Protein chains: 2
Amino acid sequence: MSPARPDSAPATRGAHATIHDVARVAGVSVASVSRVFNGRDHVRAEMRTRVEDAAAQLGYVPHAGARSLSMARTGAIGVVLPDLHGEFFSELLRGMDREASTRRLGLLLTVLHDGRGLDTLTALRGQVDGLVVMAPELDPDVLARHMPRGLAAVFLACAPQVGSLNLRIDNRAGAAAAVRHLAAGGAKRIVHISGPAGNLDAQERRAGAEAAAAEAGATLSVIEGDFLEASGTMVGERVAAGTLEADAIFAANDMMAIGAMMALKRHGVAVPEQVAVAGFDDIPLARLVSPALTSVAIDIAAMGARAVAQLAARIAGAREQPSGDASTGADEVIVPHLMVRETTRETDRG
Amino acid sequence: MSPARPDSAPATRGAHATIHDVARVAGVSVASVSRVFNGRDHVRAEMRTRVEDAAAQLGYVPHAGARSLSMARTGAIGVVLPDLHGEFFSELLRGMDREASTRRLGLLLTVLHDGRGLDTLTALRGQVDGLVVMAPELDPDVLARHMPRGLAAVFLACAPQVGSLNLRIDNRAGAAAAVRHLAAGGAKRIVHISGPAGNLDAQERRAGAEAAAAEAGATLSVIEGDFLEASGTMVGERVAAGTLEADAIFAANDMMAIGAMMALKRHGVAVPEQVAVAGFDDIPLARLVSPALTSVAIDIAAMGARAVAQLAARIAGAREQPSGDASTGADEVIVPHLMVRETTRETDRG
DNA sequence: CGCAGGCTTGTAACCGCTTACAGAAACCGC
DNA sequence: GCGGTTTCTGTAAGCGGTTACAAGCCTGCG
């Protein structure tokens, strides 16, 4: 026999009082204690105070695990993210937390370290009510195979998933806005530094840029980059050297844009007077470089919050309608907006 | 098509197979299924394969909640943090995750929105095995009162807690090192942009700065900031305008330092020639701005990892020694180091 | 052949809570 | 005073696992 319990009230340091202890001390049944604590059923005032006194005296706190087992609801949602760094990660979590805490939901964080950890995904069954999954680099089939069955899920910026709600960033619209802005500033020959060909975001940004350029009557030449500063530097140098003709550069992310801009400056090309530059992502650095970089911004926190809100809705839906397919996955699109700064001209110079 | 299920087994889409379903399909008892899955007891090879086949066929995944209830171990730890911003928190979480995932622990994130949410703390009972708590703005007594009894805990950079392990940053030493460095570079009139008065880190950094300035024979005037870039900007502008006399600025965190530095640059004040600047935290952005910011570095990720490791040790300890006080809380101190970069002068100009 | 003792396996009692159901008590109008 | 409500309370059966204990099956040995 381990914890010696004084036979009316236990709970010294280690052991916690259970609902039975409270019931015993209050001289009522466990059902009544439960009723008092969940407060939906009728209990007489005297019963309520007796239970509350006993609970206070014992320092009783309900056991979340036990409760979730019998209610089939954990009050937590799983957040599955790739190995992220920096602001993006914290902003995303911040947004998720904002929404989750107003709904009194906990966030159980799981990071997928380059591919490994997919098995921890299924292990989440019984520990969470639903999942927000962000796994942009993962094959959707692999992902689908590892999803715990019967758990509500919302995907964030993943390759399209059948039958599940997917929140994506409207890369096309963002890129188009940037290119339109460049054209409105007078650009006729725009160079687009794209991301790697295999990257979905990169493809969409390129497509948006091409569409907007065509519409605005500007030429758009594409040079494939790799999202790193060096590819931007290389393009900036070619433009400065005159090997590549351009009056504006639109890079598929900010680091490449910054690389290009720095190279231009270094070679005495005036930004934005001679060549305008715009990026994508609006990383914190974008407004700290000089001249400050015009970029396409995504409200990351809002995206996180939206994902949690959608998931909460699906969980509630599944709860009252456990039979049917979770309401069909009409994807939802997050529209980015352009942050105009100093590397572009606001108006047409003509 | 959905996987056709043999009619002995339920679990179409929504419902999950339970251990009983597996036992029935395999024609064995639930105890055997459990043994196969936990693999410590002896089971005959044939039994093993039968159970594994049945489980695979049903897509069985153990229910973490139920398991944790009967084992009195959840496999998750609660992480309680103040309202989070930026790199600091992503790095902290990153370090915690690194440690937690090698130990196969989940992280249940709880954010304390300015004081509220303390009640969610006790609600963690039964959902986690232990707690890492960071609440620098909280009165230790209030905090102690809200800690779930009998749950292992490690405190991070909090006011001293009796009987619990506390990991703290040696803010005094870090701030003193920065101020000594500024003084060694020739600074005589240093302005310190502090954090909010109620914040413990802010208080310690200020105290360290004051001590070092006094020792070095430099004057130190303190302006209270709020850890956000804008407070730095404001101070930078006052210094540039001459309203505030200074030949060096030491900010209690990097964002304020960057704000100050940018403001100085914008107004044509040379950094570090006219005014040197140093920050605290060494966020990744610090070395990306130009000139690169001198800062007091803390290996934040390592600190997070350390906290989790300590907590895991305490949990294990409590498990095999449930009686005694959790091993006495010998506080552990993290000593920061100075990263000298371009916003300060290495040597005395005199 | 009988039996001690080691492997396997099954039965059933938990873990701490919720809740359907039924019984008790109080109240009502007649 | 009685049946019918309505309101409160208790009993006990889960939720989905783990595991102590007992029982069954072998095996080897005297």
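Keep in mind that this is a model prediction, so the values were computed, not measured. Protein chains get the first letters and strands the later ones, always in sequence-line order, with residue 1 at the start of each.
What you find for B:Val36 and B:Arg48 is that their closest heavy atoms are O-NH1, 3.8 Å. Nearest heavy atoms, A:Thr74 versus A:Ser68: CA-CB, 3.6 Å. Residues A:Ala66 and B:Leu69 share a closest heavy-atom pair of CB-CD1, 3.9 Å.
Protein atom CZ of B:Arg35 is 11 Å distant from nucleotide atom C1' of D:dC21, rounded to whole Å. Put simply, CZ on A:Arg67 is 19 Å from P on C:dC15, counting in whole angstrom units. Regarding B:Leu69, its CG atom lies at a distance of 4 Å from the C1' atom of C:dC15, rounded to whole Å. Computed from coordinates, the A:His63 NE2 to D:dC15 P distance equals 19 Å when rounded to whole Å. Taking atom CE on A:Met71 and atom C1' on D:dG16, their separation rounds to 16 Å, with Å as the unit. The distance from atom CD of A:Gln127 to atom C1' of D:dG17 is 14 Å, rounded to the nearest whole Å. The nearest whole Å value for the distance from the NE2 atom in B:His20 to the C1' atom in D:dG17 is 8 Å. Here the P atom of nucleotide C:dT19 and the CZ atom of A:Arg73 are 12 Å apart, to the nearest Å.
Among the nucleotides C:dT9, D:dG16, C:dC17, the one closest to any side-chain atom of B:Met47 is C:dT9.
Across all strands, A:Arg48 comes closer than 4.0 Å to no nucleic acid atom at all (heavy-atom distances). Within 4.0 Å of A:Ser32, counting heavy atoms only, lie sugar-phosphate atoms of the nucleic acid but no base atom. Residue contacts for B:Thr18: at a heavy-atom cut-off of 4.0 Å it reaches the sugar-phosphate backbone alone, with no base atom in range. A:Val33 comes within 4.0 angstrom of no nucleic acid atom, judged by non-hydrogen atoms across all strands. Residue-level contact check: A:Phe37 touches neither bases nor backbone, having no heavy atom under 4.0 Å from any strand.
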side-chain contact (heavy atoms from CB on, under 4.5 Å) evaluation trace for A:Ile77 with A:Met96: CA-CA 10 Å; A:Ile77 71 184; A:Met96 290 184 173; over 6 Å; no
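For the side-chain contact (heavy atoms from CB on, under 4.5 Å) with B:Leu156, the qualifying choice from B:Asn166, B:Leu92, B:Leu81 is B:Leu92, the only one to do so.
Within the 4.0 Å cut-off from OP1 or OP2 of C:dC7, not a single side-chain nitrogen or oxygen of B:His42 is found. Residue B:Ser34 has no polar side-chain atom (N or O) positioned under 4.0 Å from OP1 or OP2 of D:dG17. For C:dG10, one of the phosphate oxygens OP1 or OP2 lies less than 4.0 angstrom from a side-chain nitrogen or oxygen of B:Ser29.
Each of B:Ala31 and B:Ala66 has a nearest nucleotide on DNA chain C; the 5'-most of these lies closest to B:Ala31. Nearest-nucleotide positions on DNA chain D for A:Gly27 and B:Asn38 put A:Gly27 closer to the 5' end.
Contact check for B:Ser32 versus B:Val43: no side-chain heavy atoms found under the 4.5 Å cut-off.
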Using a cut-off of under 3.5 Å, enumerate the N/O to N/O pairs linking the protein to nucleotides 25-28 of chain C.
none

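A salt bridge does not link B:Asp97 to B:Arg94: none of the charged nitrogens lies less than 4.0 Å from a carboxylate oxygen. Taking 4.0 Å as the cut-off between side-chain N and carboxylate O, B:Arg50 and B:Asp53 do not count as a salt-bridged pair.
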